[in-house]
Each structure stands twice: as structure tokens, then as C-alpha cells.
Protein chains: 2
Amino acid sequence: MTATRSTRQRDVIAQVLGRAPGPLAVTEIFELAQGDLPGLGIATVYRTLKLLTGQGQIHPVTLDGETLYEASGKGHHHHFSCNHCGRVFTLHTCPVTLPSGTVYPGGFVVEAHEVTLYGQCPDCAGSQPG
Amino acid sequence: MTATRSTRQRDVIAQVLGRAPGPLAVTEIFELAQGDLPGLGIATVYRTLKLLTGQGQIHPVTLDGETLYEASGKGHHHHFSCNHCGRVFTLHTCPVTLPSGTVYPGGFVVEAHEVTLYGQCPDCAGSQPG
DNA sequence: TTATGTGCAAAAGCTTTGCGTTCTA
DNA sequence: TAGAACGCAAAGCTTTTGCACATAA
């Protein structure tokens, strides 16, 4: 079978995602991880992201055409993308109630949902009102 | 200034998007448009999609890591992605009520929202129940 | 006519893969 | 010490750009 080893690279990448306030782009993960582990290669980042995704430890989120990654196991949540600074935040409240099995008009059986809100994050809303 | 001409290529691409039941991938647009206009080049498709997007006639939707395009002006709507056949449909009902200006816990000012539902489309729900 | 738009092919980005070396277990 | 994982560089894709020719106005 396939043995999966624990390496410094994997730990660092998992930690970077674990302490992020929201999903991160591959480039961001790469740069942050290099801060903890100079010499890290981008190929390792891609390989590790794929591995961790396969293991369910993290998962991809596509926003505005970019693929971001975030740690799993943070419960049901959604995202807020700031139209001003571009940062993406994790929201722990959910604006919809759609139990699995809900049947939508037209006969669409809902199993899951994804919501993204766009607007001004607290920082941007405070500094440039109006 | 910049004059924008009407060409057969642009008409065909706009028509393809206009009659689609949901957003399409660049490759799909390319193939469908070639059916109407053999010889069409992929570069023209990309250029036209960018042009139409800039004009607001169409807009990109990113789903499952892929960038799809759909015609604008179809009113407020969302998408349903079938977990079985992979097709994406347009839904004309909205499961959330978030007037622009709604302030979310944490101080996030909501200006817009995007919802994607995942599950079984009518065709797939009917043919393989359980 | 003229300069916008097109197709082709080269270039540019991003992601994956091959391979010799390093390091976990 | 065996083979999983790494870093580097080459290869693959998708998207963009350069250019000469075609075409809308």
C-alpha cells in the first residue's frame, strides 16, 4: 500500500492553512510557507495541496476565477469577498436553510450549497464610508 | 475613439451564449460556435468573450475551478451544478434575502451575493433514484 | 479606403511530471 | 537502507499576444 510520511514541508503547509483567516491562493501559501521553510519548491506546494485535498484535510474554493485552499473541519461556513481590498474571509453564519433533500422548482434535488457574499469588509467599510 | 464593429464571429458567439440553458465553458462555446462558423479561431473566442464581458453583455461565473460564461440581463438568478452529469443550470429562484446594505455579524457590509446549489438535476434524479 | 477584427502561430502563465538526491521510518 | 518526498527543470495546458490578411462601415 501507499505509506504517507510526515515531512517538514507538509507540516508547514498545513499550518499555514490552519492559521489563515480565510482561504489562500497557491502563491500566498507558497510565500507564507517559504517564510517558515526557505528553499521550499512550488512543485512541492502543488503536490502537497493535492495530497491534503485527497485526504480531506483541506479543500479548494474557487472565487473570482482563482483557486484558493482552506483547512477543512471548520464546520459549515461561507465566504465574504471584499470588493475593496480583495481579501476573502470565512463567515460562520449561513444565510440559507436548505436541508439535504430539498427539492427545488423544476425538480432539482439539493444536496449541498455554497454561498459567497460580496461587499465591504469591516476594515474597508470603516475607513471609506459612503 | 474605439469603434466596435459587428462581425459574424461576435454574433455567433453571442447567440451561442444567448440560447444556452446555463453558463458554458470556453471550449463548449468554441465548439458550438464552430458549428455555426467553421474556421473560427480560439483566439477570437477569447477576445470576444473579453469584449462582451467588458460591454456587460455576458459575464464569467467560476464553478468547480472552471470559468464559464453566460449572457447577462437574465435577472437575479443562481446556479445548480449536477453532481452526477456535471451540467450547470440556471435557477430563477433565490434561497436568500440579503438586501444591499445588510450588515453581517462582524461588520461585513453585503452588496451582492452568489449562490450555487449542488445535487441531482431532474434528469439524473429521475433515472437513478436512491 | 482605412483601421478594426480575424486566424495562425509564437509567447506567456500556471500546473504537472520526470528524475536524481534527500530524508523519514 | 528502502522507497517516499523533495527541488529543479522540462513538459503540458490554457490564455494572451504579434502580425499579415480580410472585412465592416
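Convention: sequence-line order gives letters A, B, ...; per-chain numbering from 1.
Contact annotation: A:R10 reaches the phosphate of D:dA5 (side-chain N/O to OP1 or OP2, under 4.0 Å). Taking side-chain N and O atoms only, A:T7 has a distance below 4.0 Å to OP1 or OP2 of D:dC6. At C:dA3, none of the side-chain N or O atoms of B:R5 fall inside 4.0 Å of OP1 or OP2 (strictly under the cut-off). Note on B:Q9: a side-chain N or O is less than 4.0 Å away from OP1 or OP2 of C:dG7. Within the structure, every side-chain polar atom (N or O) of A:S6 is placed at least 4.0 Å from both OP1 and OP2 of C:dT24.
Per the geometry, CD belonging to B:E66 stands 16 Å off P belonging to D:dC13, to the nearest Å. Look at CG on A:L49: it is 11 Å from P on D:dC6, rounded to the nearest Å. What separates CG of A:D11 from C1' of D:dA5 is a distance of 13 Å, to the nearest Å. Here C:dT16 presents its P atom at 10 Å from CD1 of A:I42, a figure rounded to the nearest Å. Remark: C1' of D:dG7 and CD of A:Q34 are 11 Å apart, rounded to the nearest angstrom. If you take CZ of B:F30 and C1' of D:dT14, they are 13 Å apart, rounded to a whole angstrom. With rounding to whole Å, B:L51 atom CG is found 13 Å from C:dT6 atom C1'. Distance, A:R47 CZ to C:dC14 C1': 15 Å, rounded to whole Å.
Relative orientation of the A:H59 and A:H77 rings is tilted, given thresholds of 30° and 60° on the angle between their planes. The aromatic rings of A:H113 and A:H78 sit tilted relative to each other, their planes meeting at an angle between 30° and 60°.
No hydrogens or angles were tested; on distance alone, nothing pairs the side chain of B:R8 with the base of C:dG5 as donor and acceptor under 3.5 Å.
Using a 4.5 Å cut-off on side-chain heavy atoms (C-beta onward), A:Y69 and A:P23 make no contact.
Between B:F80 and A:Y104, a ring centre-to-centre spacing not shorter than 6.0 Å is recorded.
Counting only N and O atoms by type, the side chains of B:N83 and A:E111 include a donor and acceptor under 3.5 Å apart.
The residue B:L40 sits close only to the backbone: its heavy atoms come under 4.0 Å of sugar-phosphate atoms, none of a base.
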